[in-house]
There are 2 protein chains.
Amino acid sequence: MPPEDSVIQGLIQLVGPGAVLHRQEDLMAYECDGYTVHKAVPRAVVFPSTTEEVSAVVKFLHQRKISFVPRGAGTGLSGGAIPLNGEVIISLVRMKKLLHVDYENRRAVVQPGFVNLKLTHSIAGKGYYYAPDPSSQYACTIGGNVAENAGGAHCLKYGVTTNHILGLEVVLADGEVVEFGGMPDQPGYDLVGLLTGSEGTLGIVTKITVRILKNPEGKKTVLAYFDRVQDASQAVSDIIAAGIVPAALEMMDRIAIEGVEAGNYPVGHPKDLEALLLIEVDGIIAGLDEQIDEIRKICHKRNVREIKVAADEQERGRWWANRKTAFAAMGAISPDYLVQDGVIPRSRLPEVLAKIDEISRQSGLRIANVFHAGDGNLHPLILYDARIPGQTQLAVDVGSRVLQACAEVGGSITGEHGVGIEKLEEMRLIFTDEELAAQIRIRDVFNPHQLLNPGKLFPTPGRCAEMKKGTQTERGRSS
Amino acid sequence: MPPEDSVIQGLIQLVGPGAVLHRQEDLMAYECDGYTVHKAVPRAVVFPSTTEEVSAVVKFLHQRKISFVPRGAGTGLSGGAIPLNGEVIISLVRMKKLLHVDYENRRAVVQPGFVNLKLTHSIAGKGYYYAPDPSSQYACTIGGNVAENAGGAHCLKYGVTTNHILGLEVVLADGEVVEFGGMPDQPGYDLVGLLTGSEGTLGIVTKITVRILKNPEGKKTVLAYFDRVQDASQAVSDIIAAGIVPAALEMMDRIAIEGVEAGNYPVGHPKDLEALLLIEVDGIIAGLDEQIDEIRKICHKRNVREIKVAADEQERGRWWANRKTAFAAMGAISPDYLVQDGVIPRSRLPEVLAKIDEISRQSGLRIANVFHAGDGNLHPLILYDARIPGQTQLAVDVGSRVLQACAEVGGSITGEHGVGIEKLEEMRLIFTDEELAAQIRIRDVFNPHQLLNPGKLFPTPGRCAEMKKGTQTERGRSS
């Protein structure tokens, strides 16, 4: 039986019946992404297979002033792919080809639905890899990474997604197809940079040229145990000050360590530690031991209890699994948890950690800290029990106070998870009205009728009031 | 005697009589920048000392719909600071303070008129430096570097200006003051990236937060002599393919070598060479010798005639002086020369060099090639004699054909010199009308009345026709 909705019929005419979901039971799967608090059912989900199909679908919707939301794998953590107002979802998962690899010029061209980790797997045989490594990299798409400007543990040395995107093919709000970039030194405005991290509000990316890197000749990974958070924080600053640029420099505090040891990948960290650092250096083998020696000296100067180097790739892999599943592991020590994502200048680490501790004591909720210390990118995990009346809202408020503490020292309200619908109101903590207005004027150039992902990224008075009434929590996700 | 022009009077009221030039004989010095072909006298030159004064001046001009051009040290090579239509020039040279250095978080805050090299000099004592190193760095300002997204010899490893700018304070076209960035992970659109390289068309930068880097522990510099351009080009590709990331990887061909040896800084290169490579690696000392060994092996595989490592800092300095003054040195072997600036994918180097050779033979003009080989950033130097009728225009046409050859292999028409007024028409070689229109729509958001640096960066039908009649050459500059 054909659907009665003429919009659905029109979409089916454009992409075929096998590429449009419209029955309520099918649409339910698309009511949220990795941010599970707000839910809304889309009007339809369309699965174009080519740029031409994306363009045709967008033109069709644009003519009818029907709004739409681009979606990758749905692993986003801030609700960017949720069809808040019953939008049509344009899913890019069928556009999942690796189109071209140019090893000599170190570039690869992928479709937006191509999974992040598959790119590294596809080029590893020739000794290359794709650097941005969000914890969801086994599932998330490179198109989604572009939308969110995704990060990862190795961003300290290699930069976030925007540092690895060389060119984009984009379907604009009216269905027009344009190309931006493709060469690093293109003149004119940096529209590749503008699109990257724009959370689906400026266009739909249909082809992506990324930078690929040669595998480093060697890697060394260190685990350092500390009895005082202050010492670990100071060691982080000392390592950077010494001119060492680790590939990764991660920190976990006592509660986080308790969590990961109770989770699926325990590695036997002592239970009475106050902090640990997971440090990785990579590059030409000849230089690595010297860097490790220097890191060892710095850690000893900062009263490290124990420091050890991974004996082999297996041990290194276990340490990373232990770290990368830290969020999910919180489920082992708390019924519920809320993950936050804030950024601070590295030098303010001890001060902000003390402030988070104070917020924790005042609220009565435990807070675990797992973070990219080298970048100053905090991931406080607020532990609570949703069965206790009021605790969910308390956790949300605590998260907000943590972000405020980040903003107060000149930091940011999100390091890598994006704004989406989760942090609309918090945008006001770091931008003045004028600064938001300048950004919204740019959005309106690309997206004049607010058809592209409406209600995301920037607060509006109505939306904020609405959001404030909701319960902004997120549970059970890993990063 | 007070000036009769009420605009001049108004400007003097805002910033004082000592900060406004308005007499014809004073204005003559501002009729061009490093691009000396087109000249135009400004209505006035204003020298604000503070952000508030910039804002007041811009508000004053905005109210009267008088257009204006921001200017740094005037070393730009594409005419971006030329007051084509008799605009008011807003010179930022009095805003030349180093405001703050935060070594721990590796940031410095400067005013736009602060000279590039002074930043490195100011922080060298603590072992830090500012990476972008255009050849004019002894004179050019960081504000100008932001406007042009300036490059330099060490961009291969460290990136161009945009990779080192963390935040900007900007006076918008109506005089409003806003701040963009300040933290690397700020959400929303990347307006810092958008402003960087916008050539003064979006706003006037009044404060700049830059990334500073720790000095590498060591450096090694290599000079490699080749009998065939093809071998040198292939060695460049092989070095990159081996996973080595040199800090710099420069190439000169036979005519360029003839030029530098006839110039002020000869170092005794053999006269019968076809190409040389100047290669620098830096980082942890322990890894450097191994990289040099590998580079040596690669060069031998590619039939290098001779390869040598700089014995000390003095020898290294002489090699760099020889390279960095290559443009000016052309004056020793040709009455006139025109420098071009194109970018190609590194793998197309031999093909494009052959094409340039063909263009040279067809036109009868010699072309020297000096370039950032690792980046694929060519600087062909077209040698001619302006006293021979028609040769100036021939040189301009040859330059245009070289840029076309770059564009044809997927390259760019400028690597680091910008578009300004010099390459307006060539923008059409790499952008479609739709792509230009998308950029112009963004310009119009920030610059709706075209008061900010009108007629620069984007071609308009009128402007292009006008330009084509002119003689687009540039002479006697160094880079």
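A quick note: this is a predicted structure, and the numbers were derived from the prediction, not measured. We name chains A, B, ... by the order of the sequence lines, and we start the count at 1 in each one.
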* Asked: Can you check whether Tyr189(A) and Phe458(B) have ring centres sitting under 6.0 Å from each other?
  -> yes
* Measuring heavy-atom distances to chain A, does Glu434(B) have an atom under 4.5 Å in its side chain, in its backbone, in both, or in neither? -> both
* Side chains of Thr414(A) and Asp341(A): donor-acceptor distance under 3.5 Å anywhere? -> yes
* Structure fact -> Turns out that what part of Ser198(B) lies under 4.5 Å from chain A's heavy atoms comes down to both
* Verdict with reasoning, His372(B) to Glu416(B), per side chain to side chain donor-acceptor pair (under 3.5 Å) -> CA-CA 11 Å; His372(B) 310 315; Glu416(B) 49 191 20; 3.1 Å; yes
* Apply the test salt bridge (Lys or Arg N to Asp or Glu O under 4.0 Å) to residues Asp282(B) and Lys157(B): give CA-CA distance (whole Å), side-chain angles for both, the deciding distance (0.1 Å), then the verdict. => CA-CA 10 Å; Asp282(B) 66 13; Lys157(B) 181 167 181 181; 2.6 Å; yes
* So what's closer than 4.5 Å to chain A heavy atoms on Leu191(B): side chain, backbone, both or neither? -> side chain
* Asked: Does any heavy atom of chain A fall under 4.5 Å from the side chain of Val445(B), the backbone, both, or neither of them?
  -> both
* To do: Side chain from CB out, backbone as N, CA, C, O: work out which of these in Glu179(B) comes under 4.5 Å of a heavy atom of chain A, or both, or neither.
  => both
* To do: Name the option with the most non-hydrogen atom pairs under 4.5 Å to chain B; the candidates are Tyr128(A), Phe180(A), Phe446(A), Phe431(A).
  => Phe431(A)
* Structure fact -> When the 4.5 angstrom heavy-atom criterion is applied to Glu294(B) and chain A, the contacting part is neither
* Asked: Does one side chain, of Asn105(B) or Ser347(A), offer a donor that lies under 3.5 Å from an acceptor on the other?
  -> yes
* Under a 4.5 Å heavy-atom cut-off, does chain A meet the side chain of Tyr103(B), its backbone, both or neither? -> neither
